[in-house]
Amino acid sequence: MVVFAGQGDPHRPLSLLWRADAPPPTRGAPGPKPRLSVDAIVAAAVALADEEGMAALSMRAVGDRLGRTAMALYTYVPGKSELLDLMYDAVHAELPTAYPESTPDNWRTPLTTWAGDVLEFYARHPWVLQVSQARPVLGPHEYAGLDTLITLLRATGLEAGVVRRLVGTLFPFVRGSAQTVADARLAATATGSSDAEWWAARSAALTELVPDFAERFPAVSGLEAEGPVEPYPDPAPPPDQAPAPAPDAGMPYLEREARETFRVGLGVLLDGIEAARARRP
């Protein structure tokens, strides 16, 4: 399910995102229930989406978490679409906004760390991956994340036009890897079978039904026949930094593969940046 942000009248959502308007007063006499606020509603909605997914999100469900009716929430947030914008931007506040070690002579390590930080962020909040990038939320924390990546890429010394396209390359790359991680974690529960069970059953059926598979798809078969994947070398970490830990053997097979693909793919992308820097006059 893909969700598009920024729907409806632009003024009210943006004023909420940037806190340009004073919060509305709490209605009614003081009582034992905590006062409502935009931040409290957003926090409850994020917790709901983290635990139960985007499909469970509704104004009524968020109200239930706060011990209020859905109508009480509309005083603070106009509707579900605006709430989603606020949720999306709020969780982006978790991302680091500074990598002090980034310098023209040391740009690769901070970029690697940034990519890992963003991957784990998406893994914590997989519902964020359902918010389309076609219509950005335009909130302060989303902009802070963009500003951070641009700053890291500027340290490479590449031209502004190249940096702009690298932003459009790195974000989708990390999101795609994170989507596979999120799907891997959900697959066994959603389908009732583990990765090993699924592959064993499908591989046996494919071998039986398509005995000429190798002849029909020689490139695929040839790649598999060459043996196990050789590890792609990581650049040596600085003396004060420990090597990256190996993937947890207890995690789902597909997640381990996705994380290794992420590591190798990122390494090749950064090699490309290094090559582009070397071609500069």
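Residues take their numbers from the sequence shown, with the count starting at 1.
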Chemist: Using a strict 4.0 Å threshold on nitrogen-to-oxygen distance, state whether R108 and E274 make a salt bridge.
Modeler: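 The answer is no: the pair does not qualify as a salt bridge.
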Chemist: May I ask you to check whether over 12 heavy atoms, not counting those of Y253, lie within 6.0 Å of atom OH?
Modeler: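 No, not enclosed.
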Chemist: Would you name the heavy atoms of M87 and A49 that are closest together and state the gap between them?
Modeler: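 That closest heavy-atom pairing would be CE-CB, 3.8 Å.
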Chemist: Is the CE atom of M71 crowded by more than 12 outside heavy atoms at less than 6.0 Å?
Modeler: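 Counting other residues, nucleotides and ligands, CE of M71 stays at 12 neighbours or fewer.
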Chemist: Do other residues, nucleotides or ligands put more than 12 heavy atoms under 6.0 Å from R277 CZ?
Modeler: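 Yes, the 6.0 Å shell around CZ holds more than 12 heavy atoms from other groups.
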Chemist: Ignoring hydrogens, what is the shortest heavy-atom contact between A258 and S177? Give both atom names and the distance.
Modeler: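 Where A258 meets S177 most closely, the heavy atoms are CB-O, 4.3 Å.
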Chemist: Would E94 and R124 pass as an ion pair if we require N to O under 4.0 Å?
Modeler: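 Between R124 and E94 there is a salt bridge, with a charged N closer than 4.0 Å to a carboxylate O.
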Chemist: In a check of ring-ring contact (aromatic ring centres under 6.0 Å, His included) between F171 and each of W114, F121, Y122, which one passes?
Modeler: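 Checked W114, F121, Y122 against F171; only one passes ring-ring contact (aromatic ring centres under 6.0 Å, His included): W114.
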Chemist: Thinking salt bridges, do D85 and R135 make one under a 4.0 Å N-O criterion?
Modeler: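 Here D85 does not pair with R135 in a salt bridge, since their nearest N and O are not under 4.0 Å apart.
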Chemist: Is there a path of hydrophobic side-chain contacts, each under 4.5 Å between heavy atoms, that joins M251 and L254?
Modeler: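 No, M251 and L254 fall in different hydrophobic clusters.
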Chemist: Whether R154 and E159 form a salt bridge (side-chain N of Lys/Arg under 4.0 Å from carboxylate O of Asp/Glu) is what I want to check.
Modeler: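 A salt bridge is absent here (no side-chain N lies under 4.0 Å from a carboxylate O).
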Chemist: Walk me through whether Y99 and D117 qualify under side chain to side chain donor-acceptor pair (under 3.5 Å).
Modeler: CA-CA 11 Å; Y99 293 83; D117 288 341; 2.6 Å; yes
Chemist: Looking at L129 and A182, what are the two nearest heavy atoms and their distance?
Modeler: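 What the structure gives for the nearest pair is CD1-CB, 4.2 Å.
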Chemist: For G157 and R280, work out which heavy atoms get closest and say how close.
Modeler: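 Nearest heavy atoms, G157 then R280: O-NH1, 3.0 Å.
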Chemist: Let me confirm one number: the CZ-CG distance from F217 to L223, rounded to the nearest 0.5 Å.
Modeler: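 Between atom CZ of F217 and atom CG of L223 there are 15.0 Å.
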Chemist: Do the ring planes of Y88 and H92 sit parallel (below 30°), tilted (30 to 60°) or perpendicular (above 60°)?
Modeler: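 Geometry flag for H92 against Y88: tilted rings.
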Chemist: I'd like to know whether CD of E208 has more than 12 heavy-atom contacts from other residues, nucleotides or ligands below 6.0 angstrom.
Modeler: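 Counting other residues, nucleotides and ligands, CD of E208 stays at 12 neighbours or fewer.
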Chemist: Using every non-hydrogen atom in the two residues, find where L158 and V163 come nearest and quote the distance to one decimal.
Modeler: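 Residues L158 and V163, closest heavy atoms: O-CG2, 3.8 Å.
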